[in-house]
Amino acid sequence: MAYNEFLADRVRTVLCKRSVDFEEKRMFGGLCILVDDKMCMGIINDELMARVGEETEQKIQHKEGVRPMDFTGRRMKGYAYVGQSGLDREDDLEFWVDLCLEFNPLAKASKKKKKKK
């Protein structure tokens with residue numbers, strides 16, 4: 001499964017403009033963007049996967065292009081998919097990136113796998 005390279009470039013540009021240190025990992029058939037070793041956002045196909053927290057997720061459900069994240073067929077709390085209609089303008093994309101960055105300090109990091117000796 002490929003991800004939208006143009007959208008990925010747009011997200012990178014916003015992150016660089018904000019002077020954010022980030023890491024990219026190919027995961028879930030898409031691209032995951034980590035900030036402070038925590039999944040912050042990602043690109044799956046043509047959608048932005050936004051990690052915004054449960055409280056914010058409830059507040060943004062009415063926004064253009066937003067739908068619940070259901071990657072495994074089950075809704076994932078605290079995450080949302082944002083489609084192209086919600087990302088068309090640069091200020092729309094910046095809104096979503098900023099929302100993800102705002103939640104990132106509150107997000108729990110996933111447990112690190114122990115390396116085999």
(request) With sequence neighbours left out, write down each residue that passes side chain to side chain contact (heavy atoms under 4.5 Å, CB included) with A107, or none if nothing qualifies. (result) K38, R51, F103

(request) Taking all non-hydrogen atoms of both residues into account, name the closest pair between A80 and V66 and its distance. (result) CB-CG1, 4.1 Å

(message) As an exercise, state the distance from SG of C100 to CD1 of I33, rounded to the nearest 0.5 Å.
(response) 9.0 Å

(message) Give me the atom names and distance for the closest heavy-atom approach of C40 to N104.
(response) CB-ND2, 3.7 Å

(request) First locate atom CD of E24, then atom SG of C32, and finally report the distance between them rounded to the nearest 0.5 Å. (result) 9.5 Å

(request) Write down the atom of Y3, the atom of A8, and the distance for their closest heavy-atom approach. (result) CE1-CB, 3.9 Å

(message) Working to the nearest 0.5 angstrom, can you tell me the gap between L93 CG and Q84 CD?
(response) 9.5 Å

(request) Without swapping roles, check the side chain of E64 against the backbone of G86 for a donor-acceptor pair under 3.5 Å. (result) no

(request) Just jot down the side chain to side chain contact (heavy atoms under 4.5 Å, CB included) partners of K108, sequence neighbours excluded, or say none. (result) none

(request) Mind listing the closest non-hydrogen atom pair of L48 and L7 along with its distance? (result) N-CD2, 4.0 Å

(message) V11 vs W96, test: side-chain contact (heavy atoms from CB on, under 4.5 Å). Steps then yes/no.
(response) CA-CA 10 Å; V11 169; W96 290 107; over 6 Å; no

(message) So, taking the atom named CG in L15 and the one named CE in M41, what distance separates them when rounded to the nearest 0.5 Å?
(response) 5.0 Å

(message) Could you report the tightest heavy-atom contact between E57 and M76, atom names first, then the distance?
(response) OE2-O, 4.2 Å

(request) Quick one: list whatever passes side chain to side chain donor-acceptor pair (under 3.5 Å) with R18, sequence neighbours left out. (result) D98

(request) Report, as yes or no, whether the 6.0 Å neighbourhood of atom CD on E5 holds more than 12 heavy atoms from other residues, nucleotides or ligands. (result) yes

(request) Check the pair D37 / E23 against side-chain contact (heavy atoms from CB on, under 4.5 Å), numbers first and verdict last. (result) CA-CA 8 Å; D37 293 322; E23 181 183 349; 4.0 Å; yes

(request) Look at the side-chain heavy atoms of Ile, Leu, Val, Met, Phe, Trp and Tyr, link any pair under 4.5 Å apart, and say whether L101 and L106 land in one connected group. (result) no

(request) Supply the atom-to-atom distance L31 CG to N4 CG, rounded to the nearest 0.5 angstrom. (result) 11.0 Å

(request) Step through the shown structure and confirm whether more than 12 heavy atoms of other residues, nucleotides or ligands are within 6.0 Å of CG on D9. (result) yes

(request) For the pair E90 and K17, find out whether any cationic side-chain nitrogen is under 4.0 Å from an anionic carboxylate oxygen. (result) no

(message) Distance check, rounded to the nearest 0.5 Å: L34 atom CG versus F22 atom CZ?
(response) 11.0 Å

